[in-house]
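Residue numbering restarts at 1 for every chain, and letters A, B, ... go by the order of the sequence lines. Worth saying up front: this structure is predicted, and the values here are computed from it rather than measured.
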2 protein chains.
Amino acid sequence: MATIGDVARAAGVSVSTVSYVLSGKRTISGPTRDRVQRAIADLGYRPHAGARALASSRSNVIALMVPFRPGINVQIIMQFVGGVVTTAREHDHDVLVLTQDDAQGIDRVAASSTADALIVMDIESDDARLPALRALALPSILIGVPDDTTGLSCVDLDFAGAGRLAVRELARHGHQRLVLVGASQDRLDHRANYAVRMRQGVLEQAAATGVAADVVPAEPTFSGGAAALDAVLAEHPGTTGLVVHNEAALGGLLARAAERGLQVPDDLSVVAVSPAEMAAGLPVPVSLIEVPGERIGRIAVEMVMARLSGEELAETRLVSPAFTDHGSVAAPAPDPVRP
Amino acid sequence: MATIGDVARAAGVSVSTVSYVLSGKRTISGPTRDRVQRAIADLGYRPHAGARALASSRSNVIALMVPFRPGINVQIIMQFVGGVVTTAREHDHDVLVLTQDDAQGIDRVAASSTADALIVMDIESDDARLPALRALALPSILIGVPDDTTGLSCVDLDFAGAGRLAVRELARHGHQRLVLVGASQDRLDHRANYAVRMRQGVLEQAAATGVAADVVPAEPTFSGGAAALDAVLAEHPGTTGLVVHNEAALGGLLARAAERGLQVPDDLSVVAVSPAEMAAGLPVPVSLIEVPGERIGRIAVEMVMARLSGEELAETRLVSPAFTDHGSVAAPAPDPVRP
DNA sequence: CGTTACCATCGAAGCGATTCGATCAACGTC
DNA sequence: GACGTTGATCGAATCGCTTCGATGGTAACG
């Protein structure tokens, strides 16, 4: 491989001149710049990443901690990752993958100057990694919002807003009795801040709008969805509107509805909160509030770049929810559904 | 951050001694080694990745090219990635993510010594990246098998073997008329080598066993699966056994079967070729031949490591298929199914 | 006891960039 | 016309590590 010395020789200039042409940190005359650039192209020169990192103490790498535990929503993870990688490349950075259970991963990557910044996905309310992140010298961005955000930068969908929006959509079509089919009890209890925020949004808006709203947990499986629908109809008769925040259960829920002879949206209106792609695989189209994975990944990288260029902000950014109509919400039937 | 010099001073030895303790490339006496190791621990020293890469011309990074195009089977992608990352860490390597459409990604990563090796996923029969890969100075491993493998190293499931195994399983239960519900016509035509190999395996074994086998393509969607089942029953009446190699269509296919009053396995036996997790989300349990994503990722990394340590092999490794019974295969009903 | 070998360790030369003065020529300016 | 500016370029130090050759001390050997 050609080195910067080869380029300098070929262009008849010094090594530092080549460096300045590359970085633009000092003015170089037009003719010289051209000669250097031609030499670079001729030799197919690329700066050695390690050498550059050593000299500049910048690796141009962002570390991304991805959850690989089973049961996670893979669809949305991939969207995040795609958004992060694409945006990082636009800023001339690469992305290094860390796994959740690589406990020392954060320290390792930071202490060895392997990465310039860290993006951590799947943050829990009281995440075990928070102390490590707070102590970190590198800028870090969390995807998800923990309970205590002091000193941290976070991005996520505004789940409370999403809950409110879903309720508003259903309420304005005249629904009076709603149920949120949400995360499993387990996740609600322990970890998932987004589930809590979602529930808050739904209940809050229901109270404000004067409609009834209850919550039914669902296991994130096909049969979990079916069971959840049964539970809704058994425990909350008269329900006409559903907010489903559980992609994995959605299919089973809809299938069970069909089995029980319930038409969507005639007998039952449904709003899903889910990645957009997910809904494509369903038997019936479902109106949804999209979890914009790619967009959030993109924002995370942009926050990283801002931090790297010296802006000292530690802020939480919540992406506004948007409702996409696919026809699964309509006015409730005059004669409400009974179990 | 502490440097190797700090460690050397703290331990009262020279820099090179610390380096040799770390690498083990020369013998260091027990006492000295201990002192150095204590100093390392005390200072929390980690070698600077860039400096190490510069001096040793080894980055300890593997680049992984991941497809992010829509419509891809995300589930299995994540399994691969998980397997790759985990195994790479076991060998003290990190993983850098490249995207498919980052065309110059391969060259960039190679020319800048950012990575030591490359793993490329989702290889097509006549993949556009093959020339670049053949010309590469870095070791590269393909996940998937192109038509011409000369000079390349590949790993994949033995799809032909999987096809044969599926047919044997069905045949030994007495099925006489089988259909392979496979990839969409589009993928079959253009790209997906695995689809071609699968079909070969099925047809070959059917011929050998003396059973009838046909192929019906399916779009990789819920409704594509439903349509495929309709097509099977319309075009190939008397079919009692199905091999489904199309995870995304499997749910729709099973749902349509239920709608038409066909019981699995009483009226219809089904073998799926799919990642294991996928099958968990289905309304009925389905016997399957697993696509062992994680395992393949692991093997890919092990091949990388072998290449990096000097073994000059360029080989293709096909993972043997295994059948897992979940009860969706049984003897056909005496009175065969009619459309 | 003089050689030979080997073991443990050190010193110094890179690896390929970045970056901070320093230099030198051309240019106004008074 | 001497002098401070400014613009373009160079040289050398530096980043933190690996690795090769050299060195001194010990043990083995005849």
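Panel note: side chain A:T17, backbone A:V13; no donor-acceptor pair is recorded below 3.5 Å. The backbone N or O of A:T3 sits less than 3.5 Å from a side-chain atom of A:D6, completing a donor-acceptor pair. Remark: side-chain polar atoms of A:D127 are paired, donor with acceptor, to backbone N or O of A:E124 under 3.5 angstrom. Side-chain atoms of A:N193 come within 3.5 Å of backbone atoms of A:V145 as a donor-acceptor pair (strictly under, hydrogens ignored). Counting only distance, with no hydrogens or angles, the side chain of A:S309 and the backbone of A:A306 share a donor-acceptor pair below 3.5 Å.
The existence of a salt bridge linking B:D156 and B:R317 is excluded, since no basic side-chain nitrogen approaches an acidic carboxylate oxygen closer than 4.0 Å. Salt bridge absent: B:D101 and B:R69 never bring a charged side-chain N and a carboxylate O closer than 4.0 Å. Salt bridge status for A:D148 with A:R134: present, with a side-chain N to carboxylate O gap under 4.0 Å. Electrostatic pairing of B:R307 and B:E315 does not count as a salt bridge here, judged by no charged N lying under 4.0 Å from a carboxylate O.
Residues of residues 11-31 of chain A that place a heavy atom closer than 4.0 Å to DNA chain C, in numerical order, are A:V15, A:S16, A:S19, A:Y20, A:K25, A:R26. Near DNA chain D, meaning a heavy atom under 4.0 Å from it, residues 54-62 of chain A has A:L54, A:A55 in order of number. Using a 4.0 Å cut-off on heavy atoms, the residues of residues 36-45 of chain A that approach DNA chain C are A:Y45, listed by number.
First and last contacts of DNA chain C with chain B, using any nucleotide atom under 4.0 Å from a protein heavy atom and ordered 5' to 3', fall at C:dA8 to C:dG16. For DNA chain D, the outermost nucleotides in 5' to 3' order that have an atom under 4.0 Å from a heavy atom of chain B are D:dG16 to D:dA22.
Annotation: of the two residues near DNA chain C, A:P47 and B:T32, the 5′-most nearest-nucleotide partner is B:T32.
Between the side chains of B:D116 and B:S59, a donor-acceptor pair is found at a separation under 3.5 Å. No side-chain donor-acceptor contact under 3.5 Å links A:R108 and A:T114. Judged by distance alone, the side chains of B:R129 and B:Q100 do bring a donor and an acceptor atom under 3.5 Å apart.
Taken from OG in B:S19 to CD1 in B:I4, the straight-line distance is 5.0 Å, to the nearest 0.5 Å.
Minimum heavy-atom separation, B:L308 to B:P139: CD2-CG, 3.8 Å.
Here the side chains of A:R89 and B:V97 are not in contact, with every heavy-atom distance at 4.5 Å or above. Within the 4.5 Å cutoff, the side chain of A:V84 has heavy atoms near those of the A:I119 side chain. Counting only heavy atoms from C-beta outward, the side chains of A:F80 and A:V85 never approach each other to under 4.5 Å.
The residue A:R33 sits apart from the nucleic acid: no heavy atom pair falls under 4.0 Å.
Comparing the end axes of the helix from C:dC1-D:dG30 to C:dC30-D:dG1, each fitted to five base pairs by superposing C1' atoms of four pairs onto the next four, gives an inter-axis angle of 40° (nearest 10 degrees).
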